K.L.:
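This is the structure I want to talk about, given as structure tokens.
Here the structure is a predicted model, which is why all the values come from computation and not from measurement. When a ligand or atom number is given, it counts from 1 through the structure's own listing order.
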Amino acid sequence: MRYLSTRGHPDRKRFCEILLEGLAPDGGLYLPEHYPQVDAATLARWRQLPYAELAFEILSLYIDDIPAADLQALCAKTYTREVFGTEAIVPLRPLEDGVFLEALSNGPTLAFKDMAMQLLGNLFEYELGRRGEELNILGATSGDTGSAAEYAMRGKKGVRVFMTSPYGRMSPFQQAQMFSLQDANIHNLAVDGVFDDCQDIVKAVSNDLAFKRQYRIGTVNSINWARLLAQVVYYFAGYFQATKAEGEHVSFTVPSGNFGNICAGHVARMMGLPIAKLVVATNENDVLDEFFRTGVYRVRGSADTHETSSPSMDISKASNFERFVFDLLGRDGARTAALFGAGLAQTGRFDLSADPLFAQAATRFGFASGKSTHADRLATIRDTWARFNQMIDTHTADGLKVAREQLSAGVPMVVLETALPIKFAETIVEALGRAPERPAKFDGIENLPRRVQRVPADADVIKRYIAEHCA
Ligand SMILES: *Cc1c(COP(=O)(O)O)cnc(C)c1O
């Protein structure tokens, strides 16, 4: 399998070449040259497999530069009951007739990002070891991504993590999760500023090409193809649990921000997994819902980006969306480049409403969408608790609210549970008047010693810190 850029660059690369890279040289995102097709006989065979074996089967269709035995070992080491809490790894829980929650949040940091990041940690360690190289991951987080990255990379050989976060602005639980890590290769940098300041620092450091090369700076953001590929696996696992035999269809609803999670669903559907609908659920930041309703994609300014009670979906633009648009436009790299390159930078929007291809987003690719607000979130959390005695987090509540608007008779609807309620306790208390349960392994983490460096919002200070800690 070779990988190409969504913006038409002529290079074709192999998996391990793009593993440690971010954007393609022309600013596009990497996608496989084609989607391997899976027939009913293969699905029937995969249905019997434990999760780690299923992951190995799917990954081997896309990775041909890691020996099969090594890839199998990496999958077996990643997807264990010890790390994810159950044998099923992503168990399905029934709600009302035909509606299920797929639990993706039982990994080390209690959000679905662990599903991909845990694999990425093992892939990075493997590939860096093979090359005899090191990597310094620099990131910015407002919560879920940073902790998932740190728990995936802690103690890994050849990798250091420098994670910036806005001082005092993450939830107390999220701060405790990250700052209690004592591993020598994990560096928490609490920046005097807001999340945007952290992102600006990461950009400034990455734009200093000499520094970037000298200190081997890399990232783990959601545009990484390996993260997306790891997420494809749980669409198959969800399908097998919601159906009895091949040929039956299932729909998925996905709480969405950067379009990473649901883009993996799109890949699974393109491979031939019988998915009826892929439903995009947004919060008040409805960039994606607007596109799927109207054909207009409109990037929001910072004044137009709302701080909500499902904060991991508070986005101004959807960084993975270009991958889907590339497929929607018949894989026309020049046209994708025109829409997402200079055009978007200038006007902040594009409009496909008059293009006959836009209708295919629903008809050919199965997409639908909806939006949820703070009031919807509270109502859904209350209703789910009252009727089913199940406590769900705010992001999952957005998904469930939208899923119920998109049900079709006879087609199971699987809603992806993207975090556990303990991560967003304040809103749970607002909805239910009681605090969420806390998994035993997190008892008392607020009282553990903390390892965090407070720094000014100054890229030069961060660079000095990195240089001093790279010896
Ligand atoms: C990251 C995140 C999302 C959004 O996922 P995307 O891949 O950006 O669409 C939703 N819910 C939670 C809890 C998250 O951490």
K.L.:
Side chains of N261 and Y234 only: does a donor on one sit below 3.5 Å from an acceptor on the other?
P.N.:
yes
K.L.:
Does an N or O from G257, backbone or side chain, lie closer than 3.5 Å to an N or O of ligand 1?
P.N.:
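Looking only at distances, the answer is yes, because the N/O contact criterion of under 3.5 Å is met.
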K.L.:
Taking only residues two or more places apart in sequence, or in another chain, which ones meet R169 in a side-chain hydrogen bond (donor to acceptor under 3.5 Å, both in side chains)?
P.N.:
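Once residues adjacent in sequence are excluded, R169 has no partner under the side-chain hydrogen bond (donor to acceptor under 3.5 Å, both in side chains) criterion.
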K.L.:
Looking at ligand 1, does any of its N/O atoms fall within less than 3.5 Å of an N/O of M313?
P.N.:
no
K.L.:
I need the contact type for K113 against ligand 1. Using non-hydrogen atoms and a strict under-4.0 Å cut-off, is it side chain, backbone, both or neither?
P.N.:
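The answer is the side chain of K113.
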K.L.:
Pick whichever of V280, N258, T282, I262 has a heavy atom sitting closest to atom 6 (P) of ligand 1.
P.N.:
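Answer by nearest heavy atom: N258.
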K.L.:
Keeping N320 on the side-chain end and S222 on the backbone end, is there a donor-acceptor pair under 3.5 Å?
P.N.:
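Yes, the answer is positive, given that a donor and an acceptor are paired below the 3.5 Å cut-off.
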K.L.:
For ligand 1, indicate whether the residue F112 contacts it via side chain, backbone, both or neither (heavy-atom separation under 4.0 Å).
P.N.:
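Looking at F112 and ligand 1, just side chain atoms fall under 4.0 Å.
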K.L.:
Ring-plane angle category for F259 and F292, please: parallel below 30°, perpendicular beyond 60°, tilted otherwise.
P.N.:
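Because their plane-to-plane angle is under 30°, the rings of F259 and F292 count as parallel.
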K.L.:
Taking atom types as modelled, find out whether T380 and D383 have a side-chain donor-acceptor pair closer than 3.5 angstrom.
P.N.:
no
K.L.:
Tell me whether the rings of F324 and F367 are parallel (<30°), tilted (30 to 60°) or perpendicular (>60°).
P.N.:
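Aromatic pair F324/F367 classed tilted.
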K.L.:
Any N/O of D144 closer than 3.5 Å to an N/O of ligand 1?
P.N.:
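N/O-N/O distance below 3.5 Å exists for this pair.
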K.L.:
Check whether any N or O atom of G260, backbone or side chain, sits under 3.5 Å from an N or O atom of ligand 1, and answer yes or no.
P.N.:
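Right, the criterion is met.
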K.L.:
Does ligand 1 have an atom that lies less than 4.0 angstrom from a heavy atom of S222?
P.N.:
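It does not; every heavy atom stays at 4.0 Å or beyond.
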K.L.:
Number the atoms of ligand 1 from 1 as they appear, then name those within less than 4.0 Å of a heavy atom of A419, with their elements.
P.N.:
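By the 4.0 Å cutoff, the relevant atoms are 13 (C).
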K.L.:
What protein heavy atom is closest to atom 7 (O) of ligand 1, reported as residue, atom name and distance in Å?
P.N.:
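Checking every protein heavy atom, the shortest distance to atom 7 (O) of ligand 1 gives N261 N, 2.9 Å.
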K.L.:
With a 4.0 Å cut-off on N to O distance, would you call R377 and E284 a salt bridge?
P.N.:
yes
